[in-house]
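If you're wondering where the values come from, they're calculated on a predicted model, not measured in any experiment.
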Amino acid sequence: MSYLYRHSFENAEQSGETEIYRESQRENIRCKNAIEKAIADNFDGYYLSGTAVKTVLAHFGYDRAMWVLAASILNKEHDGRFSHENKEWARSVIPSYLPQKEMMEYFVDSHPAVLNGFIDEVRKEYSKLGLVGEKQCVRSDKPRDYEKKLLILKPEILSEQFKNPINQYFYATGGFGCDPEKSGRKVFGQFLADGEKASFYREDFVGIADYEQLPKWAVERLKQIEAPRMKIRVFQIDHEKDSGKLAFMNYDYTRSHGDVKAENYRQVYGGTVNCDSLESVFALCNSDKTPPGYLGESLSVSNVIEICEGKNKGFYFCDSVGFKPIDFDIDKTNHSDMMKILVVENDKAPYEAEIRNDIHAMQSVVGGCIEPIYFEPKYDAIAWCNDEFLLNNSEPNRMVGNCRGQRCGGDLVHGTFYVSGNCQNEYGEWDSCSLTDEQIKKYSAMFETPIIVFEQAEELSEDLEETDEPEFTMS
């Protein structure tokens, strides 16, 4: 479907877009003719078949059809056969600054009473899309800053194939357009549904979304976007090597009895956690929701935490009160059984983690017994999920390809799963192993977009299946 130009010819001249303007005008005329023909072919003097509306929308889409219909109402604004609601709607579609003379060529000339009914049906079909607008935005008497806010895109900004409410939610991360006081208009950010980065102009948005009205999937996705993140590793004393009995001893005692020796430690976890401080990491690792794949004792005194990125990067000794920065040589620790994997949780971006190559650590990731999904034709990587995800009420997560023999299909996996490498060990047996950096990058992109679950999917489906034809009476 061609581009709908929504500005005047004068604006097109100033912007060097006269040819785009003319092509849009020609398409508007074609749409006008199609509407007149659809009404003539499908109105028998009493009934207007629903086929009329569907035919026009299929060829020209909602935006152009509604534009032409709104222009036609404004041409006969004082005609009482057009309803008050449709007149108000028309004024919201066509900008008041647009000269009426520029729309004369595509005014629909069908009988106003029948045309009014046709417009009713178009608006009814459009409402079924469930698009959001001003009612779902925060009300404000003055322009607000958009940075770090969830915004709602205007429906007309979305092309026809993307007219879905999930595509209207956009999380702004920056740009001069976020600040209403600045001259720049660009707003940068990402779509809430799939994380795709994009930019729009400030005027492309209805406003800031009212968080109280967000659907469940949007609440969960927003929570993850705004959650703090820390990339960490956790080390604990290996009791078999703890000849000095330093496990669970504080920093001063450890220093006076041989100091913190990395060779006495083993790594028990590595990954990204939703924390903003070492104290919150401590709380997380002492809760009933430890990070997926964490296999060790509850975080305690004498443990060492590495912050892998950021201004606080370094190693920290967990003391009786607080944390002490220390020198710590990770190469001396026992981490030979650690395996680099990709964890894929619901409503989160996939992230790299390091877990022990141990069945208990693997089961910890998925929350139960594991089952493989052979999604790679070369079998050099395997996805592992909970083998009872259909029985434990887990939410749908991602589509994962499934290759068996020469045939590849796909599975909708529920709940957290992870991807590991798959290689032959020294005995020629296939075993889990670390993913390569290239595989981490590949599968992060492959599983980037989570499944979105609509709370009212069944009701929406039922609405779309209604086939009752509208009845219009000539007056």
Check: Do the rings of F200 and F191 sit parallel, tilted or perpendicular, given the 30° and 60° boundaries?
Finding: perpendicular
Note to self: For the backbone of D79 and the side chain of K87, can you confirm whether one donor and one acceptor N or O come within less than 3.5 Å of each other?
What the structure shows: yes
Checklist line | Aromatic ring pairing F205/Y146, orientation class (parallel under 30°, perpendicular over 60°, tilted between) | finding: perpendicular
Notebook entry, point to check: Mind checking what makes salt bridge (charged side-chain N to carboxylate O under 4.0 Å, His left out) contact with D387, not counting sequence neighbours?
Noted result: none
Note to self: Are F375 and Y443, when compared by the centres of their aromatic rings, separated by less than 6.0 Å?
What the structure shows: yes
Checklist line | Salt-bridge present (D347, K223; N to O < 4.0 Å) | finding: no
Notebook entry, point to check: Can a salt bridge be assigned to the pair D276 and R229 using a cut-off of 4.0 Å between side-chain N and carboxylate O?
Noted result: no
Notebook entry, point to check: Under the 3.5 angstrom rule, does the side chain of R398 hit a backbone N or O of V344 as a donor-acceptor pair?
Noted result: no
Notebook entry, point to check: Is atom CD of E279 surrounded by more than 12 heavy atoms (other residues, nucleotides or ligands) closer than 6.0 Å?
Noted result: yes
Notebook entry, point to check: Any salt bridge (Lys or Arg N to Asp or Glu O under 4.0 Å) pairs touching residues 22-36, not counting sequence neighbours?
Noted result: E19-R26, E23-R26, E23-R30, E27-R30, K32-E36
Check: Hey, is CD on E88 packed in by over 12 heavy atoms from elsewhere, all under 6.0 Å?
Finding: yes
Note to self: Over 60° means perpendicular and under 30° means parallel, so tell me whether Y418 and W384 are parallel, tilted or perpendicular.
What the structure shows: parallel
Margin query: How about CD on E77, more than 12 heavy atoms from neighbouring residues, nucleotides or ligands closer than 6.0 Å, or not?
Written below: yes
Margin query: Going by salt bridge (Lys or Arg N to Asp or Glu O under 4.0 Å), name the pairs with one or both residues in residues 92-102, residues two or more places apart or in two chains.
Written below: none
Note to self: Donor-acceptor check, side chain of D179 to backbone of F176, threshold 3.5 angstrom: yes or no?
What the structure shows: no
Notebook entry, point to check: Sub-3.5 Å donor-acceptor pair from the side chain of N397 to the main-chain atoms of H414, do we have one?
Noted result: no
Next item on the list: Show the numbers, then the answer: is there a salt bridge (charged side-chain N to carboxylate O under 4.0 Å, His left out) between D204 and K154?
Entry: CA-CA 6 Å; D204 292 336; K154 294 178 179 177; over 6 Å; no
Notebook entry, point to check: When the aromatic ring centroids of F389 and F417 are compared, is their separation below 6.0 Å?
Noted result: no
Notebook entry, point to check: Between the main-chain N or O of G271 and the side-chain N or O of E354, is there a donor-acceptor pair closer than 3.5 Å?
Noted result: no
Checklist line | Q439 side chain to V419 backbone, donor-acceptor under 3.5 Å | finding: no
